Amino acid sequence: MNRRQKITINGRERWVSFSSTQELVNLVQRECAMEPTSTQSETRVANYLMSWFETYEKPRLDPNTAAGHISKINRHILPIIGEKRINDVTVSDVQRIMSLLNSASMGKQVKSIINLCFEAAIADEIYTHPNPAQDKRIVMPTAVKKRMPLEKDDLALLIQFLPQLKPEYACLLVLLIMTGCRRGEALAVRWEDIDWAKKTLHLQRVIRFRNNRPEISTKMKTKAANRTVSIWDCFIPYLGKPQEIGFIINSDGEPLSERQYMNRWNAIQKELKKAGLEQRFTANQLRHTYATIAANSGEIAPKVLQGMLGHASFQTTLNTYVSLDRDKMVMSSQNLSAEYARLTSKSYSDNCSM
């Protein structure tokens, strides 16, 4: 016959059922083994999460990604559960965090951080419940934040207006339009990276900003980001007078600081608005435009486009299309020049013949 009795373990009361004294003893022993120590039970999420991140996550991430993770922790996780004892966090707490996010991608990233943190807490025997981030009841945000490419009319206007821009403005735009590279990759390009005989550009380093200062690194976003792309005849004059060495985009020979870059980019937007381009855009939108035109051209295999953009992965199902061929990447980039020309004016097309 089962009996019920209230027991207290580490100051917490609970009712248990048992059929014999020995079963009660065994049950109490198991419960004691599962209880965290008083020190563990007082561990706050904020303390554990930041200690775990600095020790295990940050060293394996590039500086930009690590900074992004810190921002997500401070903005989305700590305000909700930072002051809670870590062993008191529940599935409903994770759901509260998810419910306050406004995009599917952000939800996925924040949940991943929570999941990794609680996996570590379980391994450290600080969290004694199933991982709350893995509960199937959690409802994720579904809104998708789309990165829209420039409309073809806006792209045509931008290209046609290049001769009227200051050389340093046109140079920055041309590097982004012509290569589809990331902002930090464009800012890090040096004259020595250009093979004039083959008309190619080797993207092999990146600039990241820390407290406004540019930091140059050969650690690219992905291994695939270290790549060779084509430079187009019609855009070469906008790069400026070729030099033997030095940064192509610079201020008095030095790479731009973050403030200098933002001032230059805002000035470009102001000039383009005068020309009739009302919608502001980002460097990443030019990269997205490059990818969209390339994909819509029907001339470039997905795996080749993956290499041109420097992505670690395009889509898993497309990774078997073709093997990556560097010469084909360069040839495809030259073909893309003609596709840009086709989408712009007839006069520009005449000037951009390869």
Side-chain angles (χ1 to χ4, degrees), residues 43-124 126-127 129-148 182-185 206-215 217 219-223 225 258-259 261-262 282-285 287-288 309-313:
T43 301
R44 304 291 167 173
V45 172
N47 294 335
Y48 184 82
L49 177 54
M50 296 310 299
S51 175
W52 160 79
F53 183 83
E54 291 290 331
T55 304
Y56 297 106
E57 279 295 285
K58 189 175 180 180
R60 71 180 187 85
L61 302 173
D62 70 61
N64 274 8
T65 303
H69 280 38
I70 289 290
S71 175
K72 294 175 182 68
I73 290 170
N74 289 331
R75 293 178 59 190
H76 304 300
I77 300 176
L78 297 188
I80 307 300
I81 61 173
E83 292 304 311
K84 293 196 71 167
R85 295 183 300 184
I86 193 166
N87 203 48
D88 291 341
V89 174
T90 65
V91 176
S92 63
D93 291 320
V94 179
Q95 184 61 68
R96 284 176 59 205
I97 294 172
M98 294 298 106
S99 298
L100 293 173
L101 302 176
N102 58 12
S103 79
S105 61
M106 181 62 71
K108 183 178 180 181
Q109 294 166 34
V110 171
K111 185 182 175 186
S112 175
I113 295 172
I114 297 172
N115 176 61
L116 291 173
C117 175
F118 277 88
E119 283 291 295
I122 291 170
D124 289 339
I126 292 176
Y127 192 74
H129 316 289
N131 190 329
Q134 294 182 5
D135 195 287
K136 294 182 179 180
R137 292 173 292 176
I138 294 175
V139 179
M140 300 293 290
T142 57
V144 177
K145 184 177 180 181
K146 293 184 178 180
R147 294 176 176 176
M148 300 301 294
R182 300 172 177 91
R183 179 190 74 173
E185 295 169 349
V206 64
I207 283 179
R208 300 182 179 94
F209 297 117
R210 186 186 296 273
N211 298 326
N212 189 50
R213 295 173 60 86
E215 293 186 347
S217 174
K219 185 179 180 181
M220 310 286 275
K221 187 169 184 178
T222 67
K223 289 183 179 180
E258 186 171 24
R259 188 174 299 111
Y261 168 77
M262 291 307 301
T282 65
N284 193 64
Q285 278 181 276
R287 175 172 164 83
H288 191 53
L309 293 169
H311 285 155
S313 174

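Quick caveat: nothing in here was measured; it's all calculated off a predicted structure.
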Next on the checklist: Let me confirm one number: the NZ-CH2 distance from Lys58 to Trp52, rounded to the nearest 0.5 Å.
Outcome noted: 13.0 Å
Next on the checklist: Taking ring-ring contact (aromatic ring centres under 6.0 Å, His included) as the cut-off, I'd like each qualifying pair that reaches into residues 79-117, sequence neighbours left out, listed once.
Outcome noted: none
Item to check | Lys72: side-chain hydrogen bond (donor to acceptor under 3.5 Å, both in side chains) partners, not counting sequence neighbours | outcome: Gln109
Item to check | Set of residues satisfying salt bridge (Lys or Arg N to Asp or Glu O under 4.0 Å) with respect to Arg75, sequence neighbours excluded | outcome: none
Checklist outcome for this item: For Ser112, the side-chain contact (heavy atoms from CB on, under 4.5 Å) test, sequence neighbours excluded, returns Leu116
Item to check | For Glu215, all residues meeting side-chain hydrogen bond (donor to acceptor under 3.5 Å, both in side chains), sequence neighbours excluded | outcome: Arg210
Item to check | Pairs involving residues 92-110, ordered by first then second residue, that meet salt bridge (Lys or Arg N to Asp or Glu O under 4.0 Å) (sequence neighbours left out) | outcome: Lys84-Asp93, Asp93-Arg96
Checklist entry - What are the two closest non-hydrogen atoms of Thr55 and Pro59, and how far apart are they? => result O-CG, 3.5 Å
Checklist entry - Of all residues at least two apart in sequence or in a different chain, which pass the side-chain hydrogen bond (donor to acceptor under 3.5 Å, both in side chains) check with Gln95? => result Ser99
Checklist entry - CZ of Arg85 to CD1 of Ile126: how many Å apart, nearest 0.5 Å? => result 13.5 Å
Next on the checklist: Could you measure the distance from the CD1 atom of Ile86 to the SG atom of Cys117? Nearest 0.5 Å is fine.
Outcome noted: 5.0 Å
Next on the checklist: With ring-ring contact (aromatic ring centres under 6.0 Å, His included) as the rule and sequence neighbours excluded, what pairs involving residues 95-119 come up?
Outcome noted: Phe118-Tyr127
Item to check | With Ile114, the side-chain contact (heavy atoms from CB on, under 4.5 Å) member among Leu49, Val89, Ile97 | outcome: Ile97
Which donor-acceptor pairs under 3.5 Å do the side chains of residues 133-140 make with protein atoms, sequence neighbours left out?
residue, atom, partner, partner atom, Å
Gln134, NE2, Asn115, OD1, 2.9
Gln134, NE2, Glu119, OE2, 3.2
Asp135, OD1, Arg137, N, 2.8
Asp135, OD1, Arg137, NE, 2.9
Asp135, OD2, Arg137, NE, 3.4
Asp135, OD2, Arg137, NH2, 3.0

Checklist outcome for this item: side-chain contact (heavy atoms from CB on, under 4.5 Å) filter on Thr65, not counting sequence neighbours, yields Leu61, Asp62, His69
Item to check | Residues forming a side-chain contact (heavy atoms from CB on, under 4.5 Å) with Pro141, sequence neighbours excluded | outcome: Met98, Leu101
Checklist entry - Listed by chain and number, what are the side-chain contact (heavy atoms from CB on, under 4.5 Å) partners of Thr282, not counting sequence neighbours? => result Asn284, Gln285
Checklist entry - Can you tell me how far the CD1 atom of Ile73 sits from the CZ atom of Phe53, to the nearest 0.5 Å? => result 5.0 Å
Checklist entry - Distance from His76 atom NE2 to Met106 atom CE, nearest 0.5 Å? => result 4.0 Å
